[in-house]
Amino acid sequence: MSITAARVIVCSPGRNFVTLKIETSDGLTGVGDATLNGRELAVAAYLTEHVVPLLIGRDPARIEDTWQYLYKGAYWRRGPVTMTAIAAVDTALWDLKGKMAGLPVYQLLGGRSRSGVTVYGHANGSSLDALLSSVAGFVDRGYRAVRIQAAIPDISEIYGVTSAAIYEPASAAIPAESVWSTEHYLAHIPSVFARVREEFGPALRLLHDVHHRLTPIEAARLGKSLEPYALTWLEDPVPAELPDGYRLIRQHTTTPLAVGEVFNSIWDCERLIREQLIDYVRATVVHAGGLTHLRRIFDLAALHHVRTGSHGATDLSPVCMSAALHLDLAVPNFGLQEYMPHAPETDEVFPHGYRYEDGYLHAAETPGLGVDIDEAAVRAADAKGHAWRNPVWRYEDGSFAEW
Ligand code: GCO
Ligand code: MG
């Protein structure tokens, strides 16, 4: 069997996605997510110009060898664009291998380690009452873990808080700029968690995403002030380029730390994991080199008591979510999976067999990943343009802040 075609499909069913579809001489197809939010077209061009010509004629069964060929063969290693492109190929080849074997991919990864994948949902609110009713909605729907993002007095826009049904910060327009104040944020957040704990008791797992905005000593203070509310994790408290920042936070607080949605290789997190500076690694299939490479990261993490907590925002397509679920089912050190349901128009373009039930996601039992791209639906949905941009925040004095 050989690869006869590989097509890059860019479409915007509600938001922007890039998908690679590989076809074989036996008439099988495999899909891989190649979406890099805000830089989508760079990956599309990387695939079309530099990767697809190398795939034609190759044996689709040689997943590891193809990974090495694309990674080492590029000479220029790592980086989000390269690793997302490699991930798309790798994911599509795992999908194909499952179809060739007649097995769901988790069976090829060693079989089930658990009966379902525990997910966390995104509660938020523009007032405390709105936040509490959003949390209650998740609890009613059976969620065991909920991420809490709250409006902050005197900050008009903040990451993760929306009145819309689906949070979508990216847009086709030049990004809006909003103002950030660390002082207002640090002064307010502990009272939010105090209220949520009071209302929902000790069993609900609570998480919070700082979105890289603090310095290590500010994050240490936040972690310490949240200790009474026993968070499952505090996410991205500071940018992770400097692992020593995490050592400083660790010296001051027992609040668990989760990092890694922007990581694209094992070398981004090797030291954080090896020195046990984090508790959860949030790397994903689509941005960290596919199932082949993410499995390597998760295995390293397992040696060092670090659990998995893969990124699962709506700017990762249902193809990535399907692949993540197969890995989540198989690895021994699974922690949590982020789950933001996609818009109905996205689900229409990517028909999939995974389903949510009572706090868990369940992967499809069909051969492969159990997801496809419906190209007729792509044409109908594809109206919003393909160059999307992420929002921008600045400190009160006008200098650039992390989103
Ligand atoms: C999360 C993330 C996302 C990112 C987005 C960037 O924890 O889900 O922080 O909301 O901001 O995926 O493209
Ligand atoms: Mg995050």
Engineer: Hey, mind stepping through R213 and E218 against salt bridge (charged side-chain N to carboxylate O under 4.0 Å, His left out) and telling me if it holds?
Structural biologist: CA-CA 9 Å; R213 287 194 218 96; E218 291 165 349; over 6 Å; no
Engineer: Should the pair D209-R147 be classified as a salt bridge under the 4.0 Å nitrogen-to-oxygen rule?
Structural biologist: yes
Engineer: For F400 and W393, I'd like to know if the aromatic rings sit close, meaning centre-to-centre distance below 6.0 Å.
Structural biologist: no
Engineer: Does any donor atom in the side chain of T182 or W180 lie under 3.5 Å from an acceptor atom in the other side chain?
Structural biologist: yes
Engineer: Run the ring-ring contact (aromatic ring centres under 6.0 Å, His included) test against F138 and tell me which residues pass, sequence neighbours left out.
Structural biologist: Y143
Engineer: Is it true that E365 and R112 have a side-chain N and a carboxylate O under 4.0 angstrom from each other?
Structural biologist: yes
Engineer: Is a salt bridge present between E198 and R195, judged by a nitrogen-to-oxygen distance below 4.0 Å?
Structural biologist: yes
Engineer: Under a 3.5 Å cutoff, is there a donor and acceptor pairing between the side chains of D397 and S399?
Structural biologist: yes
Engineer: Can R389 and E40 be counted as an ion pair, charged N to O under 4.0 angstrom?
Structural biologist: no
Engineer: Let me see the working for D65 and R58 under side-chain contact (heavy atoms from CB on, under 4.5 Å), right down to the final yes or no.
Structural biologist: CA-CA 10 Å; D65 186 65; R58 284 184 73 81; 3.0 Å; yes
Engineer: With sequence neighbours left out, which residue pairs that include part of residues 298-337 fulfil the ring pair (Phe, Tyr, Trp, His ring centres under 6.0 Å) condition?
Structural biologist: Y106-H326
Engineer: D33 and T35: side-chain donor and acceptor closer than 3.5 Å?
Structural biologist: yes
Engineer: Step through it carefully: locate the ring centre of H208, locate the ring centre of F193, and say whether they are under 6.0 Å apart.
Structural biologist: yes
Engineer: Taking the inter-plane angle between the rings of F350 and F17 on a 0 to 90° scale, is it parallel (under 30°), tilted (30 to 60°) or perpendicular (over 60°)?
Structural biologist: perpendicular
Engineer: Once you measure the plane-to-plane angle for H50 and Y46, does it fall in the parallel (<30°), tilted (30-60°) or perpendicular (>60°) bin?
Structural biologist: perpendicular
Engineer: Say whether H211 and E235, considering side chains only, have a donor N or O and an acceptor N or O under 3.5 Å apart.
Structural biologist: no
Engineer: Any side-chain donor-acceptor pair under 3.5 Å between E227 and T253?
Structural biologist: yes
Engineer: Is a donor from one side chain sitting under 3.5 angstrom from an acceptor on the other, for T292 and D90?
Structural biologist: yes
Engineer: Between R250 and D244, does any NZ, NE, NH1 or NH2 come within less than 4.0 Å of an OD or OE carboxylate oxygen?
Structural biologist: no
Engineer: With sequence neighbours left out, write down each residue that passes ring-ring contact (aromatic ring centres under 6.0 Å, His included) with W233, or none if nothing qualifies.
Structural biologist: Y120, Y280
